[in-house]
Each structure stands twice: as C-alpha cells, then as structure tokens.
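Below is one structure, written out as structure tokens, with a few remarks after it.
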Amino acid sequence: MPELPEVETICKALRPRLVGREITGVAALIESIRHPLDEHALDERLCGKRIVDVRRVAKYVVVEFADVDALVLHLGMSGSFRVCTVGSPYAPHDRIAWQLSDGMSWRLNDPRRFSIAKPCRLATPGGVPDMLARLGPDPLETAFDGDYLHCSCSGRTQPVKNAIMDQRMVVGIGNIYACEALFLAGISPKRPCGRLSLRSCQRLVDAVRDVLRKALDSGGTTLRNYRSVDGTEGKFALELSVYGREGEMCLRCGTAATVRRIVQAGRSTFYCPRCQH
DNA sequence: ATATTCCCCTGGAAGC
DNA sequence: TGCTTCCAGGGGAATA
C-alpha cells in the first residue's frame, strides 16, 4: 500500500517518537506476518539500545540503533504504525508491539500480514542494509535521470508501467504513482520501455519527480488503509488524475468517459488513450 | 535473462 | 438479508 510518499511521511512522523528512546521489550502478537516472527530475532540485539535514526530506504523503514544494529520494516499493502501509551488495548490486527523507554508502545498493525520486520546489522552508521543493496536508485536522487532510465530500458520489451514499478529499476514507485506519472508525461503505460526515446525518458523522470513531490507535500494518498502514525490521512487522493477514475472524463483532453482501466502484470492500470501514446 | 502469472492474507464493496 | 465474486498503495517464487 504505501509507496514512496507514504513511507517518507511515516518515517517523518516516527522519527520524533522513536529517536533517543530504547526498546525495553517486544511482543509478537501472531506467529507470522510475511515471515515467521521469531520473538528472539525481534528483540535479542535491540533491547536496551538507543534508537539513533529512522529513515526511508526505497519503500522500507530503517530504524537504526546504536552500534549499527538496525530494524528493517516494510508495510506491505495494508501495514501501519501507531505509537500509544503502554497500557492501551490492542487494536484488531496489531501484530507487533515494541515497548519504549519513555513509557510508550510502538505498534505495527497489518490486516493482510504482508509486512516485514527484520533485524540486521549495518556495515557503517547511516548505511544501507545488505538486504536492500540490490535495489535501484531513489527517484528523488540525481542518479535517476533520463540517461539512466533510457539506458536501463534499452533492449527490453516490458511495458514501461511495469518497468518503473520494478524496484530494481527505480524504487518507491507503486501502482498509483506509476499511473499518475505516465499520465503526466503523456506516455502510454503499454509502450515497450525499450522503445522510449531519450526525450521521453527525460519527460518521464520529470513526471515521476513531480508527482512524488506533490504527493509528499500532501502527506501521501489515502484510499483505504493508509494513515500516518497519528492517524491522519494523506490528501493526495484529491489530486489524482487517472488512478481510480475509470470511465470518468480526462482532466487534460476533457473528453467524457475516456479514462480506461486495463490489467498489466495483474495490477490495474488507469490511463487516457487519447492523451497517452 | 526477461516477462508474465500466481500466491501470500484479510476485509470491504459490489453484484445477485 | 445473505451469499458470492472481485478488488486492493507489494513483492517474491514459480513458470513460460
């Protein structure tokens, strides 16, 4: 569920609630989420260590502790965090509860159980965990530019929509922002990525950045489950141009009922066939 | 290697 | 009302 803007929003909200605290206890409220929750693996190294940073890497949340220990988290499709007082009753689908040294309880809630919580060690403070080292560049960093995209796509036949959702190509882009960025760039989601010109790739890079930055400014997109840590919704749903608008008027060409929904690699794609080629 | 398809799981909405 | 089907911000394994 959360894509780059949502994960970034969550990290920003978690940071002041976690940094400087220690984890004093952990409870797994279910045997497994995506992977088995070995309670040992969750607390063995981390208890008693001070949290020094919370940051986003791709769509992951990395909580760094003193002495380069870290906890890598991913929210899957339906995961969310809350920080409440230790005695608060558990909500339905609370999966993990970490007790903090300031008397608060940090909880992972995830109805669908696709979330990941995995401890690891970093090579250096502020570093990227080994398990995330094979991912593509961050779309907001300068390494993701037209040349890079053009080069990475060359010789491939995969539809461009699937290509930009592949986290080995570029991270952080999921189903919503892939659709929105392609609409903004005027590129058909069905175009084989290897047949995009350099100019088109540059346009797409700009569109991706544009959409992600605006979504960040709005605190992300809330359609169903997504909430930030304090329960607030992301406001970008109001600004979506094509996602979820099947059968509605295209906001660019103004033609009635042109926004179409197709399925690519098992995921819904929304686009305007008159504006996107 | 590259590109689909299927699957993990639960709940809500829509259809009948 | 109640049952069935479809759908969902992800990603990894299995399959062509």
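These numbers come from a predicted model, not from an experiment. Only heavy atoms go into these numbers, but all of them, side chains included; no hydrogens, no water, no symmetry mates. The chains referred to below are lettered A, B, ... by the order of the sequence lines, with proteins before strands, and numbering in each begins at 1.
- Under the 6.0 Å distance and 45° angle rule, A:Arg245 does not count as a cation-pi partner of A:Phe270.
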> Where do A:Arg21 and A:Asp102 land on the salt bridge (charged side-chain N to carboxylate O under 4.0 Å, His left out) test, with the steps shown first?
Replying inline: CA-CA 7 Å; A:Arg21 282 71 160 181; A:Asp102 62 356; 2.8 Å; yes
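- Between the CE atom of A:Met131 and the C1' atom of C:dG11 there is a distance of 12 Å, given to the nearest Å.
- Near-neighbour residues of DNA chain C inside residues 164-175 of chain A, defined by a heavy atom below 4.0 Å, number-ordered: A:Gln167, A:Gly174, A:Asn175.
- Atom CD1 of A:Ile262 and atom C1' of C:dC7 are 17 Å apart (whole Å).
- With respect to A:Leu240, the side chain to side chain contact (heavy atoms under 4.5 Å, CB included) criterion is satisfied by exactly one of A:Leu251, A:Thr221, A:Val211: A:Thr221.
- For C:dG12 and B:dG11, the C1' atoms lie 23 Å apart once the distance is rounded to whole Å.
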Can you give the donor-acceptor pairs under 3.5 Å from side chains of residues 24-37 of chain A to other protein atoms, not counting sequence neighbours?
unit_1: A:Thr24; atom_1: OG1; unit_2: A:Gln99; atom_2: O; d: 3.3
unit_1: A:Arg34; atom_1: NE; unit_2: A:Phe114; atom_2: O; d: 3.4

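- Annotation: of the two residues near DNA chain C, A:Tyr60 and A:Arg227, the 5′-most nearest-nucleotide partner is A:Arg227.
- Checked against A:Tyr271 for a side-chain hydrogen bond (donor to acceptor under 3.5 Å, both in side chains), the options A:Arg261, A:Lys190, A:Gln276 give a single hit: A:Lys190.
- Atom CG in A:Leu132 sits about 14 Å away from atom C1' in C:dG12, given to the nearest Å.
- A:Ile176 places its CD1 atom 17 Å from the P atom of C:dC7, with the value rounded to the nearest Å.
- Remark: of the listed residues A:Val170, A:Val205, A:Val160, A:Leu198, A:Val205 is the sole one forming a side chain to side chain contact (heavy atoms under 4.5 Å, CB included) with A:Leu149.
- Heavy-atom contacts from other residues, nucleotides or ligands closer than 6.0 Å to CZ of A:Arg121 number more than 12.
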>> Dot-bracket, 5' to 3', for DNA chain C please: Watson-Crick or G-U pairs under 3.5 Å, [ ] where pairs cross earlier ones, | where the partner sits on another strand, dots elsewhere.
In response: .|||||||.|||||||
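- Cluster annotation: A:Ile116 and A:Ile10 are assigned to distinct hydrophobic clusters (Ile/Leu/Val/Met/Phe/Trp/Tyr, side-chain heavy-atom contacts under 4.5 Å, transitive).
- Between A:His74 and C:dG11 there is a side-chain polar atom (N or O) within less than 4.0 angstrom of OP1 or OP2.
- Grouping the Ile, Leu, Val, Met, Phe, Trp and Tyr side chains by contacts below 4.5 angstrom, directly or via other members, places A:Val208 apart from A:Val7.
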>> Please evaluate residues A:Lys214 and A:Asp210 with respect to the criterion salt bridge (charged side-chain N to carboxylate O under 4.0 Å, His left out), reporting the C-alpha separation (whole Å), side-chain torsions for both, the decisive distance (0.1 Å), and the verdict.
In response: CA-CA 6 Å; A:Lys214 285 188 174 128; A:Asp210 219 47; 3.1 Å; yes
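- Taking atom CZ on A:Arg245 and atom P on C:dA8, their separation rounds to 17 Å, with Å as the unit.
- At a threshold of 4.0 angstrom between heavy atoms, the contacts of A:Ser78 with the nucleic acid are absent.
- Counting non-hydrogen atoms under 4.0 angstrom, A:Phe236 reaches nothing in the nucleic acid.
- Among the protein residues, A:Asp110 comes within range of no part of the nucleic acid, since none of its heavy atoms lies under 4.0 Å from any strand.
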>> With side chain to side chain contact (heavy atoms under 4.5 Å, CB included) as the criterion, how do A:Phe236 and A:Ile176 come out once you've worked through the C-alpha distance, each side chain's angles and the decisive distance to 0.1 Å?
In response: CA-CA 11 Å; A:Phe236 195 71; A:Ile176 293 180; 5.6 Å; no
> Where do A:Tyr177 and A:Glu6 land on the side chain to side chain donor-acceptor pair (under 3.5 Å) test, with the steps shown first?
Replying inline: CA-CA 11 Å; A:Tyr177 300 116; A:Glu6 291 77 30; 2.5 Å; yes
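- Picking from C:dG10, C:dG12, C:dA8 the nucleotide with the shortest atom distance to the side chain of A:Arg224 gives C:dA8.
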>> Set out, in order, the CA-CA distance, both residues' side-chain angles and the distance that settles side chain to side chain donor-acceptor pair (under 3.5 Å) for A:Ser80 and A:Arg82, then state yes or no.
In response: CA-CA 7 Å; A:Ser80 63; A:Arg82 267 176 20 262; over 6 Å; no
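- Between C:dC3 and B:dC9, the distance separating the two P atoms is 24 Å to the nearest Å.
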Below 3.5 Å between N/O atoms, which protein atoms pair up with nucleotides 3-6 of chain C? Just atom names and distances, please.
none

>> For a quick check, with a 4.0 angstrom heavy-atom cut-off, what is the B/S/- contact string for nucleotides 3-16 of chain B, read 5' to 3'?
In response: SSB--BBBS-----
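- Applying the side chain to side chain donor-acceptor pair (under 3.5 Å) test to pairs two or more places apart or on separate chains, those with a residue in residues 130-147 of chain A are A:Arg56-A:Asp138.
- In this entry the distance linking CZ of A:Arg134 with C1' of C:dG11 reads 16 Å, nearest Å.
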